[in-house]
Amino acid sequence: MPVSDYQMVKAWDEVLKLSKVERGQKVSILCGPHTHPQTLQTATIAAQAAGAVVTRIELQPINAEKAPSRDLMNYLGETPLTNNPVALAAMKNSDIVLDLMLLLFSPEQMEILESGTKILLAVEPPEVLVRAVPTEADRERVLAASKLLKAARKMHVTSPAGTDVTFKLGDYPTISEYGFCEEPGRWDHWPSGFLFTFANEGGSDGTIVIDRGDILLPQKNYVSDRITMHLREGFVRSIEGDIDAALLREFMEAYKDPEAYAIAHIGWGMQPSCYWHTLSLVDREATSGQDARAFEGNFLFSLGPNNEAGGPRTTPCHLDIPLRNCTVKLDDVVVVRDGKVIDEAFQ
Ligand SMILES: O=c1ccc(O)c[nH]1
């Protein structure tokens with residue numbers, strides 16, 4: 001349903017409080033012509049109400065000639081912040097940046113975070129943001145799970161559809177997303193509620209079957225016939241299936257970048273306020289698909305860049321693929337069984 005400004009301001013109030021935005025702090029709101037006006041206006045009001053010094057930084061979009069669609073995650077890495085020292089300096093001098101434009105997987109994002117500035121990404125439409133306002137409980141639950149993921153040296157994922165893949169772990173950090181930034185230098189995404197790490201270089205082997213009903217992002221569609229990926233030494237070596245596989249192959253080939261086939265982040269969803277089915281209810285261009293990334297019990301794997309975690313790959317081709325009904329095992333502990341999160345594993 002449509003969201004009232006009052007409701008959206010209250011949602012921002014909660015998120016800014018959880019992010020410890022205090023009187024006198026410097027809040028920069030990064031936006032572009034595609035930013036949702038209600039999100040921008042209510043973020044500005046809530047930041048002022050928190051007593052912050054508020055600056056809006058509007059940047060013009062780039063890469064339209066390179067990206068196959070308007071989706072914000074269709075072409076990552078270069079952003080309107082690239083070669084813009086004026087805006088970069090403003091953000092490095094802020095306590096928090098509310099990113100309503102999307103900097104994900106960009107060197108500039110890393111540079112801003114290293115300066116101690118917090119970055120909270122929020123590009124979902126207001127009705128999604130209001131439905132999935134984060135809570136302290138989300139943070140505690142995701143952090144409890146991340147303790148196990150940090151200590152794991154192997155992830156084994158299976159499914160009735162035929163997925164049977166093993167990832168060697170330990171070389172990359174674990175990233176927890178729970179929708180707010182309470183520590184300096186932290187990046188988060190509202191809404192979220194999931195966690196992931198990146199597989200060791202060359203350490204991913206086996207088969208991933210994207211089953212009927214599983215989701216491809218940024219395509220934002222439910223796969224209608226199975227896609228089978230064979231992985232060897234960290235890269236997808238073949239993508240087999242019918243029309244969905246052919247579309248995915250052509251999408252990836254268009255980037256002309258071998259790094260597009262590299263396994264990137266792997267993890268699972270833990271957000272009870274996000275759902276598998278909602279993608280069928282929203283305008284595809286209005287959402288970046290966070291419901292699909294965060295819904296409880298998915299196994300989420302991605303392909304492409306891993307610079308976010310200090311890895312060497314910066315390919316602009318980034319796919320996020322959440323699967324249902326998987327069983328995820330860390331060393332010998334099952335954390336998701338048949339698509340259900342096993343909370344006892346994190347106690
Ligand atoms: O929130 C996000 C969104 C995309 C992604 O690849 C990771 N986390």
Side-chain angles (χ1 to χ4, degrees), residues 15 19 30 39 67 69 71-77 79 97-107 109-110 113 118-125 128-129 131-134 138-139 142 145-146 149 167 172-181 186-199 214-220 236 251-252 255 259-271 273-275 278-279 282 284 286-296 298-311 313-323:
V15 170
S19 300
L30 179 61
T39 304
S69 83
D71 182 277
L72 294 165
M73 295 197 205
N74 236 227
Y75 197 90
L76 291 173
T79 75
V97 170
L98 305 181
D99 176 4
L100 311 187
M101 187 197 78
L102 196 131
L103 291 173
L104 199 58
F105 286 101
S106 68
Q109 170 162 303
M110 310 317 288
L113 293 170
K118 302 184 270 191
I119 299 179
L120 180 64
L121 176 61
V123 292
E124 285 295 71
V128 177
L129 294 173
R131 168 166 46 87
V133 172
D138 291 335
R139 175 177 177 278
V142 170
S146 69
L149 184 54
F167 305 100
Y172 284 111
T174 290
I175 294 176
S176 301
E177 293 191 27
Y178 40 81
F180 56 93
C181 307
R186 175 175 174 75
W187 173 85
D188 211 311
H189 190 170
W190 168 32
S192 57
F194 56 97
L195 67 157
F196 52 81
T197 185
F198 289 72
D214 289 338
I215 292 171
L216 298 178
L217 299 173
Q219 287 76 357
K220 285 170 253 174
V236 175
F251 172 83
M252 296 180 76
Y255 287 84
E259 292 189 345
Y261 299 85
I263 274 286
H265 59 74
I266 49 178
W268 65 94
M270 301 185 75
Q271 180 48 266
S273 306
C274 287
Y275 306 97
T278 43
L279 195 63
V282 295
R284 274 165 49 184
T287 175
S288 70
Q290 277 303 91
D291 269 289
R293 290 186 184 86
F295 73 84
E296 278 271 330
N298 74 27
F299 165 62
L300 172 66
F301 77 97
S302 86
L303 300 177
N306 65 354
N307 59 308
E308 191 96 345
R313 282 189 297 281
T314 58
T315 176
C317 177
H318 174 59
L319 283 150
D320 282 324
I321 305 177
L323 308 183

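Remember, it's 1-based here, ligands and their atoms both numbered in the order they're listed.
Partners of R313 under the salt bridge (charged side-chain N to carboxylate O under 4.0 Å, His left out) rule, at least two apart in sequence or in another chain, are E201. A260 pairs by the side-chain contact (heavy atoms from CB on, under 4.5 Å) definition with M252, T315, C317, not counting sequence neighbours. Under the side-chain contact (heavy atoms from CB on, under 4.5 Å) criterion, L104 pairs with M73, L76, L102, Q109, W187, E308, sequence neighbours left out.
The CZ atom of R284 lies 14.0 Å from the OG atom of S288; values are rounded to the nearest 0.5 Å. With values rounded to the nearest 0.5 angstrom, S273 atom OG is found 7.5 Å from R131 atom CZ.
Each of D291, D71, D320 was scored for a salt bridge (charged side-chain N to carboxylate O under 4.0 Å, His left out) with K220, with one residue passing: D71.
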Per-pair distances, ligand 1 N/O vs protein N/O, less than 3.5 Å:
| residue | atom | partner | partner atom | Å |
| --- | --- | --- | --- | --- |
| ligand 1 | 1 (O) | E177 | OE1 | 2.8 |
| ligand 1 | 1 (O) | E177 | OE2 | 3.3 |
| ligand 1 | 1 (O) | H189 | ND1 | 2.7 |
| ligand 1 | 1 (O) | Q290 | NE2 | 3.4 |
| ligand 1 | 6 (O) | H265 | NE2 | 2.8 |
| ligand 1 | 6 (O) | H318 | NE2 | 2.6 |
| ligand 1 | 6 (O) | D320 | OD1 | 3.2 |
| ligand 1 | 6 (O) | D320 | OD2 | 3.0 |
| ligand 1 | 8 (N) | E177 | OE2 | 2.7 |

